[in-house]
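Report on the structure given below.
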Amino acid sequence: MPELPEVETIKRELINRVEGTRINDVTLLDSRLLRGIITEQYFLCEVRNQKITYIDRRGKYILFHLTKRILGIHLGMTGRFELLNQCRNHQHLRATIYLDCGVLHYYDVRRFGKFALLNSIDELNLGVDPLTDKFLPDVLKEKLYSGKKIKELLLDQSRIAGLGNIYTDEVLWLSEISPLRKGFSLKEGELERLFFWIPCLLEEAIKYGGTTIRDYLNLLQQQGNFSEQLKVYGREGKKCFRCLGTIRRLKIFGRSTYFCPLCQN
């Protein structure tokens, strides 16, 4: 599933290619993108003939700031964009956005993506974004002070926006913290390591264009190369790069979780 680095990569590519252009029309091939919150007719009326004044990101959302409203797009698990000069047929094409500069196609195999019309970003009810100046040590401590497992807390988008399964496992390995630990059990030194590694890891992944495990492609239909840098995710049964222990996999919060039981405690 695209996480913060993948979404940030796509956002930067969209800025270079479509920011400042006009949405002439939109064709929704799957009304489930709107999640039944608004009608298709209302959505089309609100976005047609609107200029994309600028493009931003919050957590895993790409935000098209239009003349009057904000179009927030969440890629779900398999959503992706492609910018072409003309329309094309594709089995998983879910929406077509006609711009002055070309046709922006939105594909989604598993159909978990969504389009939202917003008056304010606050309507998304997202937590702090780790790549903003609002991500502070005291804020992190407050967000993680809970009796829930640290893995579950880091995945909670209302606490910290942008981390998903891959980068949560990676940041916990880098911080030498077990995903089974309760949030309130973290010591000051452990919180300091998390505060350092969360933005550091995300920035590094962005440099590589994100991580492709199966489906992720950027706007140019290229894979992310950070998968070669992963230290723990997907390495069940292999030796830990740090202590030579054996990487284990278990389910936490319904997600496959990879960690080293020897050096993550």
Side-chain angles (χ1 to χ4, degrees), residues 1-31 33-35 38 40 42-90 92-109 111-121 123-124 126 129 131-132 161-162 202 205-210 212 215-224:
M1 180 169 80
E3 302 180 31
L4 189 154
E6 292 76 47
V7 177
E8 177 67 20
T9 298
I10 294 171
K11 182 211 78 173
R12 294 180 184 184
E13 293 165 345
L14 287 169
I15 287 174
N16 290 333
R17 289 166 176 81
V18 309
E19 190 174 77
T21 63
R22 186 175 301 276
I23 298 177
N24 297 315
D25 201 358
V26 177
T27 299
L28 288 179
L29 302 172
D30 189 346
S31 60
L33 281 171
L34 303 180
R35 296 288 176 245
I38 55 176
E40 182 175 340
Y42 178 77
F43 174 81
L44 295 176
C45 287
E46 289 294 297
V47 300
R48 278 176 178 150
N49 300 314
Q50 295 295 299
K51 182 180 179 181
I52 303 174
T53 57
Y54 70 99
I55 300 172
D56 199 2
R57 178 196 55 76
R58 178 70 63 86
K60 301 178 188 179
Y61 276 87
I62 295 173
L63 303 168
F64 291 81
H65 290 258
L66 308 180
T67 310
K68 297 190 298 183
R69 304 287 294 275
I70 302 170
L71 172 59
I73 298 179
H74 194 292
L75 301 176
M77 296 185 71
T78 56
R80 64 181 178 89
F81 285 111
E82 184 179 24
L83 183 64
L84 299 172
N85 293 324
Q86 59 187 7
C87 293
R88 61 167 294 194
N89 293 320
H90 191 283
H92 303 298
L93 182 64
R94 308 301 176 197
T96 306
I97 303 174
Y98 298 89
L99 305 168
D100 290 339
C101 63
V103 184
L104 188 62
H105 297 73
Y106 175 76
Y107 312 103
D108 196 342
V109 176
R111 300 183 177 182
F112 289 119
K114 58 184 175 182
F115 287 18
L117 274 180
L118 311 165
N119 293 310
S120 167
I121 299 174
E123 294 174 36
L124 295 173
L126 295 174
D129 190 298
L131 298 187
T132 66
L202 295 174
I206 291 168
K207 291 179 183 178
Y208 284 85
T212 296
D215 304 297
Y216 166 69
L217 296 173
N218 64 18
L219 187 65
L220 304 178
Q221 308 310 292
Q222 300 167 334
Q223 294 186 343

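- With contacts defined as side-chain heavy-atom distances shorter than 4.5 Å, the pair Leu104/Leu219 qualifies.
- One finds the CG atom of Asn16 at 9.0 Å from the CD1 atom of Ile55 (value rounded to the nearest 0.5 Å).
- Side-chain N or O atoms of Thr53 include one that pairs as donor or acceptor with a backbone N or O of His65 at under 3.5 Å.
- Taking 4.5 Å as the limit, some side-chain heavy atom of Arg57 sits within range of a side-chain heavy atom of Asp129.
- By the 30° and 60° cut-offs, the orientation of the rings of Tyr107 relative to His90 is tilted.
- For the pair Arg80 (side chain) and His105 (backbone), a donor-acceptor distance under 3.5 Å is absent.
- Ring geometry for Phe64 against Phe81 counts as perpendicular: the plane angle is over 60°, on a 0 to 90° scale with 30° as the lower cut.
- Looking only at distances, no side-chain donor or acceptor of Gln50 sits under 3.5 Å from a matching main-chain atom of Arg69.
- Glu19 contributes atom CD, which lies 9.5 Å from atom CG of Leu14 (distance to the nearest 0.5 angstrom).
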Show your working on side-chain contact (heavy atoms from CB on, under 4.5 Å) between Leu34 and Tyr42 and close with a plain yes or no. CA-CA 11 Å; Leu34 303 180; Tyr42 178 77; over 6 Å; no
side-chain contact (heavy atoms from CB on, under 4.5 Å) assessment of Ile23 paired with Leu99: CA-CA 5 Å; Ile23 298 177; Leu99 305 168; 3.7 Å; yes
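- Of the possible polar contacts, one joining the Thr212 side chain to the Gly224 backbone as a donor-acceptor pair under 3.5 Å is found.
- The shortest heavy-atom contact between Arg17 and Cys101 is O-SG, 3.4 Å.
- Under the 4.5 Å side-chain criterion, counting only non-hydrogen atoms from C-beta, Ile206 is in contact with Leu4.
- In this structure, Leu75 and Tyr106 have side chains that are in contact, with non-hydrogen atoms separated by less than 4.5 Å.
- The structure places NZ of Lys114 at 12.5 Å from CD1 of Ile73, a figure rounded to the nearest 0.5 Å.
- Here CD of Glu8 is found 8.5 Å from CG of Asp56. Values are rounded to the nearest 0.5 Å.
- Annotation for Tyr61 and Gly72: closest pair CD2-C, 4.1 Å, computed over non-hydrogen atoms.
- The 12-atom threshold is not exceeded at CG of Asn85, counting heavy atoms of other residues, nucleotides or ligands nearer than 6.0 Å.
- Shown here for Thr78 and Asp108, the closest heavy-atom pair between the two residues is OG1-OD1, 2.6 Å.
- Arg48 and Asn24 form no side-chain donor-acceptor contact under 3.5 Å, judged by distance and modelled atom types alone.
- Across every non-hydrogen atom of Leu33 and Ala95, the tightest pair is CD1-CB, 3.8 Å.
- The CG atom of Leu71 sits 6.0 Å away from atom CG of Leu66, with the distance rounded to the nearest 0.5 Å.
- Pairing each heavy atom of Ile10 with each of Asn218, the nearest pair is CG1-CA, 4.2 Å.
- The distance from the CD1 atom of Ile70 to the CD atom of Glu46 is 12.5 Å, given to the nearest 0.5 Å.
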Give the C-alpha distance, both sets of side-chain angles, the deciding distance and a yes or no for side-chain contact (heavy atoms from CB on, under 4.5 Å) between Ile97 and Val18. CA-CA 11 Å; Ile97 303 174; Val18 309; over 6 Å; no
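- Of all non-hydrogen atoms in Gly79 and Pro2, the two that sit nearest each other are O-CG, 4.2 Å.
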